[in-house]
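What follows is a short report on a single structure.
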Amino acid sequence: MRDFQEIKTHGHAVRVHVDPEPEREARPALWPTIGEYPIYDQFLYKTMTTDDERNRRFRAALAKLAPGRRVLDIGTGQDLLWARESLQAGARNALAVEVIDDAFHTAASNLAALDQPDRITLLHGESTTLQFAPKADVCVAEIIGSLAGAEGAAAVLTDARNRHLEPGGLVVPHRAATLAAAVRLSDLLPGQPIAFAESALPYLQSIFDWHGRPFDIRLRVENPHADALLSDGRPVELLEFNGDLRTEQRTTTRLAITRPGHVDGVLTWLNLWCLPDEEPLDALRMTTNWATIYFPLFDEPVPVAPGDVLELTVTATLSDDGIHPDYHLGATLQTADGGECYGSLASPHHGGPFRAHPIYQTLFPTA
Ligand SMILES: C[S@@+](CC[C@H](N)C(=O)[O-])C[C@H]1O[C@@H](n2cnc3c(N)ncnc32)[C@H](O)[C@@H]1O
């Protein structure tokens, strides 16, 4: 396997640093984030329909909330998963909405093959632009990202609550949060190059093709090394789908360094509650299709020791599509001897600079 491969997108030839080792179970791997782009394929849908940790939580919530109710499944995917599960749980009927053309057409043929296809109404398009009646009693929407809000859940579900749900209607999931901890990227991938997994390249290509040019895409780390966290993990984004749901938010938190090492960024991961009082799904500690996201903050790794604090501010604002958030991270590392070191990163959903941070110069070398 070669260490570098080239992808071509809209007239741009992009060299990509590729891990020469094939992906293996439990081996750390670097991917681009994927869930927030309309590039889902059969493989990605399968990783979700076979995610037991995720599915048992959604199933338990539907078993409680769906019986006798009208259910709206936003982002039903090719398998109509939650529309079908809602009916099995005793829902009166289900309305399923899917925006991706291929997924919608596959869902339509899957629907035709069901025993009672007329109990599900399938619509093609974005829930935010479609009009339908009557309103639903329950809305299920698995549009949750590895970075909780990245797939646009806040904007989509604010709209669903305003236009598609009966007053007092409920949303599944109930709550999602993104947690962050201080890390160094090379500790997450010990003994491995800072390079994309080869199997991620077609997705990188599809995302750049979709946008029209390359950009500094968020970095998804699969199976990060368990000992890499240098601080406690704290929430930096909170989405209360049945409460005060905000499409834009800003959180400042202090990450206490717990052991000596070097920090060059933060690792973030999802906590998800389908019902209010359950133990949340924790994407760092459980095996699930959600992975962790690494954000570079400092150009060089900075030495840290217990007693140091990384003050982190994460801001989510709506991108120009009005749905998907752009994130901005700002950090101040305060060392026990009174020193301070500043770092920041703009992480737009799409667009923005290419090769702005050194990590992206490593991943996309020019020569
Ligand atoms: C993470 S997948 C989940 C698929 C399936 N519901 C499952 O849980 O296995 C999200 C799906 O939602 C679709 N989607 C996202 N936002 C949507 C919206 N506002 N309206 C319709 N479909 C949407 C995406 O195209 C994608 O198929």
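Just follow the structure's listing: the first ligand is 1, and inside any ligand the first atom is 1. These values consider heavy atoms only, across backbone and side chains, with no hydrogens, waters or symmetry-generated copies.
Taking the six-membered ring for Trp and thresholds of 30 and 60 degrees, Y327 and F295 have ring planes inclined between 30 and 60 degrees apart.
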Can you list every pair where an N/O of ligand 1 is under 3.5 Å from an N/O on the protein?
from, atom 1, to, atom 2, distance (Å)
ligand 1, 6 (N), G75, O, 2.7
ligand 1, 8 (O), R54, NH1, 2.7
ligand 1, 8 (O), R54, NH2, 3.2
ligand 1, 8 (O), W82, NE1, 2.8
ligand 1, 9 (O), R54, NH1, 3.4
ligand 1, 9 (O), R54, NH2, 2.8
ligand 1, 19 (N), S127, OG, 3.1
ligand 1, 20 (N), S127, N, 3.0
ligand 1, 22 (N), V99, N, 3.4
ligand 1, 25 (O), E98, OE2, 2.6
ligand 1, 27 (O), Y45, OH, 2.6
ligand 1, 27 (O), E98, OE1, 2.7
ligand 1, 27 (O), E98, OE2, 3.1

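Residues Y203 and W31 place their aromatic rings such that the two centres sit under 6.0 Å apart. The six-membered or imidazole ring of F208 lies away from that of H10, with a centre-to-centre distance of 6.0 Å or more.
Counting non-hydrogen atoms of neighbouring residues, nucleotides and ligands closer than 6.0 angstrom, the CD atom of Q42 reaches no more than 12 such neighbours.
With 3.5 Å as the limit, one finds a donor-acceptor pair spanning the side chains of D101 and H124.
The cationic atom of R355 (NZ for Lys, CZ for Arg) does not lie both less than 6.0 Å from the six-membered ring centre of F364 and within 45° of the ring axis.
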